[in-house]
Amino acid sequence: MLIQDSISEIIQDYLINNLPEKTNINLQNKIEIPQNTNYGDISSTAPLALSKVLKKAPLILAEELQKLLAEKLQNLSEIEIIKPGFINFKLKPKAYREILEYFNKNENLITKLQSDKNNQKLLIEFVSANPTGDLHLGHGRGAVFGSSLANLLKTIGQNIITEFYINDAGEQINKLGLSAWNLYKPDQAFDGVDQYPAELIQPYLSDLEPNLNLEELTDIVKNRILNKQKEVLKNIKVEFDGWFSEKNELHQNNCLEKTFKLLESKNLTYQKDNALWLKSSELGDERDRVLIKSENKKPTYLAGDIAYHVHKFGRADNLLDIFGADHQGQELSLKVALKALGYDDTKFQILFIQFVSLLRNGTEVKMSKRNGSVITIEEVLDEVGADAFRFMLLLSNINNKLAFDIDLAKKADDQNPVFYVQYAHARACSILRNACQDLFKEQDLENIKPEILDLIMSESLSDREKQSTKDLILKLSFFNHEVHRAAESLNPSALAHYLIDIANKFHSFYGACKVINPDNKNLSLARLALIKTFKGIMQKGLEILIIHAPEKM
RNA sequence: GCGCUUGUAGCUCAGUGGAUAGAGCAACCGCCUUCUAAGUGGUUGGCCGCAGGUUCGAGUCCUGCCAAGCGCGCCA
């Protein structure tokens with residue numbers, strides 16, 4: 001077991017023994033690597049955090065824990081209590097060797113979540129762009145975030161399905177059809193209709209049969225656009241378990257009618273001005289909403305969205321939607337309607353992604369979805385590649401608007417974080433390759449004896465060697481913890497930042513410690529074990545974020 | 001006007017109610033006869049938007065204000 005897990009287990013036991021009822025305090029978050037080296041190698045604020053629930057002064061609590069920890073843990077050289085209630089731990093050199101041993105022995109870098117969440121199915125919907133045009137950078141951010149998050153949650157054992165909702169019914173599709181028709185048969189063009197710009201539609205009109213009717217044409221163009229979207233998503237490594245068509249799966253299965261009937265039976269609808277209304281203001285919405293339009297008797301977007309979510313609840317226990325910030329207006333109406341239909345509102349969550357703008361030559365180009373000057377995923381991807389595209393979009397929290405600096409993403413040097421991280425991985429691979437070429441065989445790195453691993457922190461090393469080794473090993477030992485933290489807060493960008501952090505510690509180690517040294521083969525072996533651990537963790541981290549971990553650069 | 005999100009170093013951003021608020025870039029001074037210099041060591045740089053409040057303790061929680069982005073359709 002890793003040292004921080006042992007500490008947290010002992011404190012947890014203490015908590016159980018001293019507190020009759022169950023508590024939900026997450027001790028993992030109370031044990032960390034302190035910023036300041038004066039506060040030990042690992043430190044904990046557990047006494048401060050637990051003082052209230054245990055109704056005990058933090059300092060007294062700290063002393064009791066100190067005694068307990070000192071009895072049970074052999075790898076601590078010092079347990080210091082600092083007022084008002086910190087416990088700071090210093091590790092014996094042996095502890096670092098034990099972390100390395102742990103990683104050598106354990107294939108599974110990440111533990112599965114122990115929770116009933118694992119038995120529940122979570123359906124994550126993201127991107128869900130209209131099939132009426134190319135995907136833009138904002139869709140790209142949603143796609144990258146959603147795919148990374150889904151992968152992150154799968155990694156800790158959650159049951160996840162991902163879905164793209166195809167909005168292939170409604171006004172926007174009509175508009176698409178008419179726009180296409182006017183270019184397809186200019187002599188029979190419809191006058192006075194709202195149209196998409198010709199340059200956006202034209203690329204999808206090649207090689208058409210001559211005598212299509214409007215419906216056939218609309219269908220063909222829509223499918224071509226959708227296929228293009230799928231292709232672009234695939235190019236940024238985004239795939240979905242399901243593609244849900246509003247037209248074919250929602251409308252043709254009477255899902256809307258069923259939903260209307262259910263709402264009607266709960267006396268939540270009424271007719272007014274020739275339209276069907278939902279009494280959403282009664283349910284907590286700002287005002288009532290239209291479900292069926294008066295003019296053409298077709299359902300509104302909201303009506304379809306409610307029915308779609310009912311459909312999703314039939315297939316999953318929990319729902320997570322990832323939408324662009326411009327969709328926030330629909331949240332309240334949707335939530336109150338679903339609650340009225342009897343669905344638990346704690347099982348349905350929407351995350352909103354703030355906008356992306358493009359920074360080129362230091363000038364910001366804001367995107368606007370409807371004005372024709374959209375910046376597509378494709379044009380950015382062509383310049384920077386999938387890895388940089390994904391990493392740059394992941395770095396910033398989705399609650400912040402993001403300026404995608406295309407010049408930075410194209411740079412192949414230390415300024416570009418994705419290169420920094422990938423370079424660290426490639427560098428580690430290179431050292432392992434070289435080591436196995438001349439000095440060692442692959443098997444030599446398999447079961448390295450404890451007394452050899454001990455050399456990694458031996459007395460004779462310089463302070464800089466010891467410090468950089470400690471920093472790297474400790475940081476690596478928190479990988480599982482960081483993955484779980486990122487998953488819990490639905491925030492894959494925290495993992496991206498962690499990877500930058502370990503890359504930084506690794507480069508530092510590399511600068512301080514010569515690894516391959518024929519004059520000290522045992523120290524070389526110990527350090528190779530560390531590099532192998534680093535490589536495995538970096539590779540796994542990048543894999544979760546769906547970014548390539550190159551062996552060579 | 002109402003709602004959501006944001007405001008932290010010159011820039012881009014981390015920051016889980018705890019200690020002296022961190023990183024990268026930029027600027028400045030160093031490091032290649034050494035395993036990938038696509039790298040690294042160091043220095044400089046902060047009314048954490050403002051004002052109150054809760055707390056033993058607030059960048060973090062609450063209230064008000066200021067500023068920015070987005071939203072407030074029988075569009076989707």
Side-chain angles (χ1 to χ4, degrees), chain A residues 26 28-30 32 34-36 38-39 43 45 48-49 51 57-58 82-86 88 128-130 132 167 169-173 175 194 246 273-277 286-287 289-296 298-305 324-332 352-355 357 359 362 366 369-370 395-403 405 408 411-417 419-420 422-424 426-435 438-439 464 468 485 488-489 493-494 497-498 500-501 504 507-508 510-517 524 527 531 552-553:
Chain A
N26 188 355
Q28 285 286 334
N29 291 345
K30 302 294 170 198
E32 60 186 10
Q35 300 276 3
N36 189 323
N38 291 332
Y39 301 140
S43 75
T45 57
L48 291 162
S51 139
I82 309 264
K83 63 177 181 182
F86 298 97
N88 298 337
S128 296
N130 294 337
T132 54
N167 248 224
E171 288 307 314
Q172 299 295 331
I173 289 290
K175 181 176 162 184
D194 190 20
E246 179 183 1
D273 303 333
N274 260 333
L276 181 71
W277 291 73
E286 290 160 6
R287 53 186 198 76
R289 307 282 170 182
V290 173
L291 293 174
I292 297 180
K293 298 182 244 177
S294 57
E295 197 183 324
N296 54 13
K298 290 201 169 148
T300 57
Y301 179 81
L302 174 66
D305 215 19
D326 55 338
H327 285 257
Q328 62 182 241
Q330 73 198 62
E331 183 179 23
L332 188 58
F352 292 102
I353 300 212
Q354 296 299 316
F355 275 27
S357 57
L359 211 58
K366 272 186 201 152
K369 192 175 169 183
R370 302 263 152 83
L395 275 179
S396 170
N397 192 295
I398 55 167
N399 290 331
N400 289 319
K401 52 186 188 305
L402 169 75
D405 187 336
L408 179 62
K411 273 189 185 166
D413 64 26
D414 60 328
Q415 293 179 20
N416 181 347
F419 276 88
Y420 186 79
Q422 289 184 318
Y423 184 66
R427 199 176 223 186
C429 290
S430 167
I431 295 169
L432 289 167
R433 242 187 339 261
N434 290 342
D438 340 308
L439 219 48
R464 194 173 155 223
S468 63
R485 196 165 77 84
E488 205 172 312
S489 53
S493 76
H497 282 281
Y498 172 77
I500 293 178
D501 218 345
N504 177 252
H507 286 310
S508 214
Y510 175 90
C513 302
K514 172 90 177 147
V515 177
I516 301 172
N517 179 4
S524 298
R527 285 178 168 169
I531 288 184
K552 271 184 189 173
M553 286 175 79

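Below, read A as the first sequence line, B as the second, and so on, with proteins coming before strands; counting in each chain starts at 1. Only a predicted model underlies this, so the values are computations on that prediction, with no experimental measurement involved.
- Counting distance only, with no hydrogens placed and no angle test, the side-chain atoms of A:N38 and the base atoms of B:rA19 include no donor-acceptor pair under 3.5 Å.
- In terms of polar N and O atoms assigned as donor or acceptor, the side chain of A:S294 comes within less than 3.5 Å of the base of B:rC74 in a complementary pairing.
- Between the side chain of A:S43 and the base of B:rA19 there is at least one donor-acceptor pair of N/O atoms closer than 3.5 Å.
- Stacking between A:H507 and B:rA38 is absent: the ring centroid is not both under 5.5 Å from the six-membered base ring centre and under 30° in plane angle.
- B:rA58 is unpaired under the Watson-Crick or G-U wobble criterion, no partner having all donor-acceptor distances under 3.5 Å.
- Pairing of B:rC72, defined by two Watson-Crick or G-U wobble distances under 3.5 Å, is identified with B:rG1.
- Contact between the side-chain N/O atoms of A:Y510 and the OP1/OP2 oxygens of B:rA37 is found at a separation under 4.0 Å.
- Contact annotation for A:N399: backbone-only contact, meaning every heavy-atom pair under 4.0 Å involves sugar-phosphate atoms and none involves a base.
- The neighbour count for A:K293 NZ, taken as heavy atoms of other residues, nucleotides or ligands under 6.0 Å away, is above 12.
- Atom pair A:Q354:CD and B:rG69:P shows a separation of 12 Å (rounding to whole Å applied).
- Here B:rG15 presents its P atom at 7 Å from NE2 of A:H497, a figure rounded to the nearest Å.
- Taking the P atoms as reference points, B:rG59 lies 13 Å from B:rG22, given to the whole Å.
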